[in-house]
Visitor: 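Following this message is one structure expressed as structure tokens.
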Number of protein chains: 2
Amino acid sequence: MLKQYEPVERDVDLLFHALADPSRRAMVDRLTRGPASVSELARPLEMSLPAVVQHLHVLEASGLVRSQKLGRVRTCTVEPDALRTAERWIAQRRTFWEQSLDRLGEYLAGNHESAQQRSEQ
Amino acid sequence: MLKQYEPVERDVDLLFHALADPSRRAMVDRLTRGPASVSELARPLEMSLPAVVQHLHVLEASGLVRSQKLGRVRTCTVEPDALRTAERWIAQRRTFWEQSLDRLGEYLAGNHESAQQRSEQ
DNA sequence: GCAATACTTAAGTCGATGCTTAAGCAATAT
DNA sequence: ATATTGCTTAAGCATCGACTTAAGTATTGC
């Protein structure tokens, strides 16, 4: 029975933070179609190269992307394990909640709404 | 064939941003064990009530949490659909990448490393 | 009515983020 | 050898984010 690697809170922070930016998600997207150099990653993004490199650092810090430099070209690849970590975090909560629904019965189903006011101010 | 709801980029931004904070994840965690009031959510967190309310706003904006006010108590619940959206986003990229691995062959497996220097400066 | 409860709003602090431009610098190409 | 390419580093800047305290406002309990 191999015990699965349990991510510390900080890891999850970095992971979701990395995924919270559209440019970084675009970079991940691109990399799921195969490895790419920094300038290839930069081409579709409307920002300077240094900005892209900064995003790349965030992605590498999160473990989502790895890169290696050969000559003057840095080649980047996705790390599917990191994606799996994020996926698992979510899946655990979601299924737990869905199981809870059974245990709790229909907490909101009993037409509690009728006596309640809407939350949006 | 029901076409699944496709989240816009902004939605995904809000979702992952909401999940990128440990206090907010703790709140989601708590809510997967059942509904809770704002002060119940606040109790285990070492911060002021207004801070918790701000986190709650972020969670509601992301769609992860809903809340309703009855009398002077606001009751919060998780919204598993939002969790599913995030999960799906990740799963799509991960499986795409894993399929790519087949198409690309072992891009890095051919002992390219032997001639390469490490990326970390 | 009066106090306590459960938020709610407002304002301010301060460090982190997401850019930018300007200069490097090592690895090719000519 | 010199120029071009492909990053890399540094500095600066404006905005955002995660808090805080102080001062409300409705409910509810006594």
Side-chain angles (χ1 to χ4, degrees), chain A residues 9-10 12-28 30-31 35-62 64-77 115-121, chain B residues 9-10 12-28 30-31 35-62 64-77 115-121:
Chain A
E9 283 294 282
R10 177 66 181 161
V12 188
D13 278 27
L14 294 175
L15 250 170
F16 285 129
H17 172 244
L19 290 174
D21 182 276
S23 304
R24 286 194 291 265
R25 285 198 307 278
M27 291 168 74
V28 170
R30 166 63 190 79
L31 291 177
S37 70
V38 174
S39 30
E40 276 166 10
L41 286 179
R43 198 159 308 136
L45 301 175
E46 298 189 340
M47 63 180 71
S48 66
L49 226 209
V52 173
V53 172
Q54 286 174 39
H55 281 305
L56 179 59
H57 288 156
V58 174
L59 287 170
E60 294 205 65
S62 77
L64 279 167
V65 169
R66 281 172 151 280
S67 78
Q68 290 183 294
K69 197 164 181 174
L70 217 182
R72 60 185 174 184
V73 177
R74 178 173 294 280
T75 303
C76 313
T77 55
Q116 289 174 354
Q117 63 192 65
R118 244 55 195 81
S119 61
E120 9 306 307
Q121 37 175 331
Chain B
E9 281 296 281
R10 177 69 181 158
V12 188
D13 278 27
L14 294 175
L15 251 171
F16 285 128
H17 173 243
L19 290 173
D21 182 274
S23 305
R24 285 194 293 264
R25 284 198 307 276
M27 292 168 73
V28 170
R30 166 64 189 80
L31 291 177
S37 70
V38 174
S39 29
E40 277 165 10
L41 287 179
R43 198 159 309 138
L45 301 176
E46 300 190 338
M47 64 179 71
S48 66
L49 227 209
V52 173
V53 172
Q54 285 174 42
H55 281 306
L56 180 60
H57 287 155
V58 173
L59 287 169
E60 295 204 65
S62 77
L64 279 167
V65 169
R66 281 173 151 279
S67 78
Q68 289 183 293
K69 196 164 184 177
L70 217 181
R72 58 185 174 182
V73 176
R74 178 172 292 280
T75 302
C76 313
T77 54
Q116 287 175 359
Q117 62 191 67
R118 246 50 198 83
S119 62
E120 7 308 306
Q121 31 180 337

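Per chain, numbering begins at 1; letters A, B, ... match sequence-line order.
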Visitor: What's the CG-P distance between B:Leu59 and D:dA18, to the nearest Å?
Guide: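 Checked: the CG to P distance equals 11 Å.
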Visitor: Expressed in angstrom and rounded to an integer, what is the separation of B:His57 atom NE2 from D:dC19 atom C1'?
Guide: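 It works out to 15 Å between those atoms.
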Visitor: Got a second to check how far A:His17's NE2 is from A:Leu59's CG, nearest 0.5 Å?
Guide: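 If we round to the nearest 0.5 Å, A:His17:NE2 and A:Leu59:CG are 10.0 Å apart.
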Visitor: Indicate the atoms forming the closest heavy-atom contact of A:Leu41 with A:Cys76, along with that distance.
Guide: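 Where A:Leu41 meets A:Cys76 most closely, the heavy atoms are CD1-SG, 3.9 Å.
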Visitor: Atom CG of A:Leu64 and atom CZ of A:Arg25: how far apart are they, to the nearest 0.5 Å?
Guide: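 The CZ atom of A:Arg25 is 12.0 Å from CG of A:Leu64, to the nearest 0.5 Å.
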Visitor: Kindly say if B:Ser48 contacts the phosphate of D:dC19, meaning a side-chain N or O under 4.0 Å from OP1 or OP2.
Guide: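 No, B:Ser48 has no side-chain N/O under 4.0 Å of OP1/OP2 on D:dC19.
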Visitor: How long is the span from the NE2 atom in A:His57 to the CZ atom in A:Arg24, to the nearest 0.5 Å?
Guide: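 Interatomic distance, A:His57 NE2 to A:Arg24 CZ, rounded to 0.5 Å: 12.5 Å.
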Visitor: Between protein and nucleotides 1-7 of chain C, map the contacts as a letter string: B base, S sugar-phosphate only, - none, heavy atoms under 4.0 Å, written 5' to 3'.
Guide: ---BBSB
Visitor: Measure the distance from CZ on B:Phe16 to P on D:dG17 and round it to the nearest whole Å.
Guide: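 My rounded result for the distance is 17 Å.
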Visitor: In whole angstrom, what separates A:Gln68's CD from D:dT8's C1'?
Guide: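 A:Gln68 atom CD is separated from D:dT8 atom C1' by 18 Å.
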Visitor: Please state how far atom CG in A:Leu56 lies from atom P in D:dT8, giving the value in whole angstrom units.
Guide: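 Atom-to-atom, A:Leu56 to D:dT8, this comes out as 8 Å.
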Visitor: At their closest point, which heavy atom of A:Pro35 faces which heavy atom of A:Arg30, and how far apart are they?
Guide: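 Nearest pair, atom of A:Pro35 first, then A:Arg30: O-NH2, 3.5 Å.
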Visitor: For A:Leu56 and A:Arg74, which heavy atoms make the closest approach, and how far apart are they?
Guide: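 It is CD2-CD, 4.1 Å.
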Visitor: Let me have a per-nucleotide readout for nucleotides 10-18 of chain C, 5' to 3', with B, S or -, counting only protein heavy atoms under 4.0 Å.
Guide: -------SS
Visitor: Assess the side chains of B:Thr77 and B:Arg66: does a donor N or O sit below 3.5 Å from an acceptor N or O?
Guide: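 Judged by distance alone, the side chains do not pair up.
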Visitor: Checking B:Ala61 now: which residues fulfil side chain to side chain contact (heavy atoms under 4.5 Å, CB included) with it, not counting sequence neighbours?
Guide: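 In terms of side chain to side chain contact (heavy atoms under 4.5 Å, CB included), with neighbours along the sequence ignored, B:Ala61 is linked to no residue.
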Visitor: Please report the distance, rounded to the nearest Å, between CG in B:Leu19 and C1' in D:dA18.
Guide: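 In whole Å, D:dA18 C1' and B:Leu19 CG are 17 Å from each other.
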